[in-house]
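The figures that follow rest on heavy atoms only: side chains count, while hydrogens, waters and symmetry mates do not. Residues take their numbers from the sequence shown, with the count starting at 1.
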Amino acid sequence: EVQLAESGGGLVQAGGSLRLSCAASVFSFDDYAIAWFRQAPGMEREAVSCISFPDGYTYYADSVNGRFTIAGDRAKNTVFLQMKSLKPEDTAVYYCAADFGSCSDYEEGDDWLGMDYWGKGTLVTVSS
């Protein structure tokens, strides 16, 4: 059974940084797109960033572009989300998800929330 496990969440002051990790068991990232999502209280889950190893494609939502960086360590089957210049509005539960293929599939119309595998999330709280 595929499992994704997020870690690295916590409480940070506005302007600070955090690095989230998403570790996968069972499968290799080589053929997959790995995405980070977030869901704030009362809000819909939204795609924040994505990296796909088959084609090296990366995606960032406008709200985080320039502040967040996604990267992968294929040897460790782990994807990281480096978050800088954090804002109170970044407060949310952050989830990672994985599916076969490319992030570009989702930018071109596939449903982000239709990704096959999901972690349980890690809470990020940014205080003002």
Side-chain angles (χ1 to χ4, degrees):
E1 180 182 349
V2 173
Q3 291 184 337
L4 299 174
E6 304 94 339
S7 61
L11 174 64
V12 63
Q13 288 188 332
S17 300
L18 280 175
R19 188 177 78 158
L20 306 182
S21 300
C22 172
S25 65
V26 179
F27 70 93
S28 167
F29 281 167
D30 286 352
D31 298 320
Y32 284 79
I34 312 297
W36 283 98
F37 295 75
R38 66 186 181 187
Q39 187 166 20
M43 305 292 286
E44 293 185 352
R45 192 171 298 188
E46 62 172 347
V48 171
S49 185
C50 184
I51 184 169
S52 45
F53 291 96
D55 57 9
Y57 194 95
T58 58
Y59 161 83
Y60 296 96
D62 289 343
S63 57
V64 306
N65 195 22
R67 299 187 298 122
F68 291 10
T69 303
I70 193 168
D73 185 332
R74 296 166 87 161
K76 296 182 178 179
N77 257 18
T78 302
V79 169
F80 303 99
L81 186 68
Q82 178 68 51
M83 306 185 295
K84 298 180 179 180
S85 302
L86 284 162
K87 306 174 181 179
E89 52 263 43
D90 293 319
T91 295
V93 177
Y94 283 71
Y95 301 87
C96 67
D99 204 349
F100 187 85
S102 172
C103 304
S104 62
D105 297 337
Y106 299 93
E107 280 210 86
E108 292 167 6
D110 285 1
D111 182 9
W112 282 101
L113 298 182
M115 298 187 84
D116 280 347
Y117 308 110
W118 291 82
K120 295 182 178 180
T122 185
L123 176 63
V124 172
T125 304
V126 184
S127 63
S128 57

SG (Cys50) and CG (Leu81) are apart, to the nearest 0.5 Å, by 11.5 Å
Got a list of side-chain donor-acceptor pairs under 3.5 Å for residues 92-100, not counting sequence neighbours?
from	atom 1	to	atom 2	distance (Å)
Tyr94	OH	Arg38	NH1	3.0
Tyr94	OH	Asp90	O	2.7
Asp99	OD2	Tyr106	OH	2.9

Looking at OG of Ser128 and NZ of Lys87, how far apart are the two atoms once the value is rounded to the nearest 0.5 Å? 14.0 Å
To the nearest 0.5 angstrom, please state how far the NZ atom of Lys84 sits from the CZ atom of Phe68. 12.0 Å
Could you walk me through whether Thr78 and Phe80 pass the side chain to side chain contact (heavy atoms under 4.5 Å, CB included) check? CA-CA 7 Å; Thr78 302; Phe80 303 99; 3.6 Å; yes
Gap between atom OG of Ser21 and atom NZ of Lys76 - 0.5 Å precision: 9.0 Å
Name the residue from Thr125, Thr91, Leu18 that meets the side chain to side chain contact (heavy atoms under 4.5 Å, CB included) definition with Leu86. Leu18
So do the side chains of Ile51 and Trp36 get within less than 4.5 Å of each other, counting heavy atoms only? no
Distance check, rounded to the nearest 0.5 Å: Leu4 atom CG versus Ile34 atom CD1? 6.5 Å
When rounded to the nearest 0.5 Å, the distance separating OH of Tyr32 from SG of Cys103 is 14.0 Å
When every non-hydrogen atom of Gly121 is compared with those of Glu6, the smallest separation belongs to N-OE1, 2.8 Å
Does Val48 belong to the same Ile/Leu/Val/Met/Phe/Trp/Tyr cluster as Trp112, with side-chain heavy atoms less than 4.5 Å apart forming each link? no
Could you give me the CA-CA distance, side-chain angles and deciding distance for Leu113 and Trp118, then say whether side chain to side chain contact (heavy atoms under 4.5 Å, CB included) is met? CA-CA 10 Å; Leu113 298 182; Trp118 291 82; 4.0 Å; yes
Can you tell me which residue pairs pass the side-chain hydrogen bond (donor to acceptor under 3.5 Å, both in side chains) test with a partner in residues 47-59, sequence neighbours excluded? Ser52-Asp55, Ser52-Ser102, Asp55-Ser102, Tyr57-Glu107
Determine whether a donor-acceptor pair (N or O, by modelled atom type, separation under 3.5 Å) exists between the side chain of Tyr60 and the backbone of Arg67. no
Test the Arg45-Phe37 pair against the cation-pi criterion, namely NZ or CZ under 6.0 angstrom from the six-membered ring centroid and within 45° of the ring axis. no
For the hydrophobic clusters of this structure (ILVMFWY residues joined by side-chain heavy atoms under 4.5 Å, transitively), does one cluster hold both Met83 and Val126? yes
